[in-house]
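Have a look at the structure below, then the notes.
Letters A, B, ... mirror the listed sequences (proteins, then strands); counts begin at 1.
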Amino acid sequence: MEKPQRILGSSPVTGCGGRDRGVDDHSSRVEMHWSQAIAREIIAHRGEEKHVVATGITPSGDIHIGNLREIIIGDAVRNALCELGVEARLIYVGDTFDPLRRRYPFLPPEYEEHVGKPLSEIPDPEGCHSSYAEHFLSPFIESLDELGIEVEVFRADVMYKSGWYEAEIREALLRRDDLARILHESSGRRLPPHWSPFAPLCSACGRISTTTVTGYKLDGGEGEGKGKGEVYYRCECGNRGTASLSGGGKLAWRVDWAARWKILGVTVEPFGKDHAAPGGSFDSGKRIAEEIYNFRAPYPIPFEHILLRLSEVEGGDTGDEGGKRRRRVTAMSSSRGTNIPVREILEVVPPEILKYLIRRVRPERHIEFDPSMPLLHLIDEYERDTGGIGTGIAARIPFRHFLTLVQVARGDDTRELLAVIRRSGYEVPEDAEEELAAIRRKARYALNWLRRYAPDELKFELLRSLSESELVKELSDAQRRALLMIAHHIRHEHELGGGKRLSATEWHNKIYEVANALDIEPGEVFRAVYIALLGKPSGPRAGWLLASLDTEFLRERFEAAAAGK
RNA sequence: GGGCUCGUAGCUCAGAAAGGUAGAGCAGCGGGCUUUUAACCCGUCGGUCGCGGGUUCAAAUCCCGUCGAGCCCGCCA
């Protein structure tokens with residue numbers, strides 16, 4: 001087992017490869033990414049030559065970044081296994097056959113009648129997909145594509161309807177008493193006398209949670225899993241009926257989980273720590289797998305939840321870290337509205353950031369996700385580590401600078417944005433469609449982040465007219481003189497230099513030049529410039545701001561502000 | 001009540017699987033052309049590793065206890 005060790009074995013693209021070198025000279029141990037350590041564990045404790053890493057979720061609401069952790073962990077471990085030369089697949093099971101447990105706040109009142117029906121059999125509340133389950137599942141699957149995670153997707157309702165579960169359902173029915181005992185022993189849960197591991201789907205009302213099994217007949221099958229069978233039930237709605245083993249109902253959760261391991265050949269499974277506690281579902285699933293299904297339970301990878309941290313600055317414009325922030329840390333919960341759907345966060349940050357966020361923290365530690373400044377810091381860090389988000393020019397312009405650019409351009413109108421980018425010193429070729437697309441994409445992220453999560457001190461808006469700001473009236477005489485002088489300089493240099501533009505540095509120097517000439521504090525001039533342009537006394541680096549604006553506009557604006565109009 | 005996981009610099013996290021004098025990034029501070037403000041570069045400050053015991057020549061790392069945070073066992077996936 002003498003494989004060369006790597007530092008954080010992962011592709012540079014995914015963002016974890018950037019841990020710097022130079023530290024490892026004297027250390028005998030090499031830092032290893034947690035996914036590598038886990039992969040080694042798996043190989044050391046398991047004999048399988050092919051691994052199936054399974055993850056999944058019940059698509060009963062928006063799938064949020066908390067849920068994303070599971071699949072990203074699965075992806076990381078699968079990749080680590082592959083790097084160690086073991087064959088491994090990643091699969092994702094949508095629990096589309098689970099019943100709707102209650103009418104969530106985001107559902108209309110008429111959905112009350114769907115409570116208890118399998119998600120795959122309920123209409124899409126927004127009418128855009130084939131079912132309730134698909135409505136939440138398919139956008140998530142698309143997100144996985146954006147994340148570059150290769151995964152095989154299974155849908156529970158399809159698996160049931162196709163008869164994949166038949167043998168396991170038979171076995172469960174036959175060993176009902178053993179199952180009840182195991183569940184009792186592992187969780188302390190006392191099951192009602194009429195409990196059945198199989199919940200039939202009522203043919204009359206369509207519910208799966210209101211039926212009681214009254215009997216069953218299993219045709220003698222030749223060999224394992226060959227026999228058909230039927231289950232008799234009565235429902236709270238008054239109906240009595242017969243259910244088939246292929247889609248006529250589903251196994252109880254903890255039994256279902258174990259059955260699925262066997263059906264799909266699962267060898268590794270990450271899951272939230274709530275399942276991991278003793279007496280939790282993994283405990284019973286493990287016993288059920290081993291005692292009922294003769295299948296070795298997968299290697300468990302319990303992980304902590306992602307908590308949402310919302311920080312609000314008290315008392316307005318305080319500095320970044322200095323201000324007193326009120327912090328609120330909450331678990332993500334769809335029903336309480338404290339979650340951020342994956343599809344929403346993907347409008348704000350590129351997927352690789354989410355991957356980066358999750359991969360850098362070991363699974364057993366919780367992650368506090370704060371979409372405001374900390375998210376921006378994370379993006380900065382990622383860009384430093386990997387050479388930037390996007391390709392070409394877009395990658396060379398830091399995300400932070402994009403925040404200024406899109407605000408100067410007042411949006412993501414491509415023409416205006418490109419003009420601003422060019423003025424601030426980047427050559428953007430006219431015809432490079434790919435470059436332009438990357439720029440637009442990054443601009444879109446910047447804009448959305450500003451709108452949704454940026455603190456006020458990072459936002460600014462170019463005044464369309466000076467009358468929009470009260471502060472303009474309060475400019476001192478000295479400040480007015482300074483602005484006028486800048487305007488004169490612009491006129492002068494523009495004419496002499498034949499349209500020559502000042503660079504950011506030159507602009508910066510110009511401000512000091514003017515301050516010296518008029519013998520006033522540079523800070524006064526800075527404030528005057530910001531007020532004349534933004535209507536507030538501070539802003540992004542003045543040199544860059546000025547350089548990215550149209551010269552003629554600047555001259556007129558400064559003259560007007562100097563005149564106090 | 002029983003149990004599980006986590007608690008390392010102001011912040012976000014490595015380091016724990018094989019005990020060997022505490023690491024990174026951000027923030028802070030100081031510079032980078034005489035020149036505070038929101039892209040960059042360099043330097044620098046910063047931790048009794050929650051606390052208390054124990055094992056050991058040696059403990060962030062192993063063991064016991066304790067405090068704090070979150071979670072599970074009860075409904076149900």
Across all strands, who's sitting opposite [N] as a Watson-Crick or G-U wobble pair, both distances under 3.5 Å?
N	answer
B:G43	B:C29
B:C62	B:G54
B:G19	none
B:G1	B:C73

Inter-nucleotide [atom1] distance ([N], [M]), Å rounded:
N	M	atom1	answer
B:G15	B:C29	P	31 Å
B:C63	B:C72	C1'	25 Å
B:C45	B:C26	P	16 Å
B:G68	B:G30	C1'	38 Å
B:U61	B:U55	P	15 Å
B:A9	B:G46	C1'	6 Å
B:C42	B:A27	P	13 Å
B:A38	B:G47	P	27 Å

What is the distance, to the nearest angstrom, from the [atom1] atom on [X] to the [atom2] atom on [N]?
X	N	atom1	atom2	value
A:Tyr382	B:A24	OH	C1'	18 Å
A:Glu521	B:U36	CD	C1'	10 Å
A:Arg207	B:A77	CZ	C1'	18 Å
A:Trp507	B:U35	CH2	C1'	17 Å
A:Leu533	B:A38	CG	P	17 Å
A:Ile358	B:U12	CD1	C1'	15 Å
A:Glu185	B:C73	CD	C1'	15 Å
A:Asp98	B:C75	CG	P	18 Å

Which residues pass the side chain to side chain donor-acceptor pair (under 3.5 Å) test with A:Ser186, sequence neighbours left out? none
Can you name the residues that form a side chain to side chain donor-acceptor pair (under 3.5 Å) with A:Thr96, not counting sequence neighbours? A:Asp157
Select base, sugar-phosphate, or nothing to describe what [X] touches, counting heavy atoms under 4.0 Å on all strands.
X	answer
A:Phe399	nothing
A:Asp95	nothing
A:His305	nothing
A:Phe271	nothing
A:Gly272	nothing

Pairing of A:Asp256 and A:Arg260 as salt bridge, 4.0 angstrom limit: yes
May I ask you to say whether A:Lys442 pairs ionically with A:Glu383, meaning some side-chain N is under 4.0 Å from a carboxylate O? yes
Just checking, any donor-acceptor pair under 3.5 angstrom between side chains of A:Tyr356 and A:Arg360? no
Shortest side-chain distance from [X], nucleotide among [options]:
X	options	value
A:Ala37	B:A17, B:A38, B:C13	B:A17
A:Phe460	B:A38, B:A77, B:U12	B:A38
A:Arg101	B:A77, B:C26, B:U12	B:A77
A:Arg527	B:A77, B:A38, B:U36	B:U36
A:Glu41	B:A77, B:A17, B:U12	B:A17

I'd like to know whether the aromatic ring centres of A:Trp257 and A:Phe271 sit less than 6.0 Å apart in this structure. yes
Are A:Phe140 and A:Tyr92 an aromatic pair, judged by ring center distance below 6.0 Å? yes
Anything under 30° is parallel, anything over 60° is perpendicular, the rest tilted; go ahead and classify A:Trp449 against A:Phe399. perpendicular
In sequence, state the C-alpha distance, the side-chain angles, and the governing distance for A:Ile292 and A:Val255, and then conclude on side-chain contact (heavy atoms from CB on, under 4.5 Å). CA-CA 10 Å; A:Ile292 306 292; A:Val255 184; over 6 Å; no
Protein proximity profile, nucleotides 1-6 of chain B - base contact B, sugar-phosphate-only contact S, no contact -, cut-off 4.0 Å on heavy atoms: --SSSS
Position toward the 5' end of RNA chain B (nearest nucleotide), A:Ile367 or A:Asn509: A:Ile367
A:Gln407 vs A:Val361, nearer the 5' end of RNA chain B by closest nucleotide: A:Val361
Given the rule in the side-chain contact (heavy atoms from CB on, under 4.5 Å) test, do A:Met485 and A:Glu513 qualify, once you have shown the distances and angles that lead to the verdict? CA-CA 10 Å; A:Met485 183 176 268; A:Glu513 213 176 281; over 6 Å; no
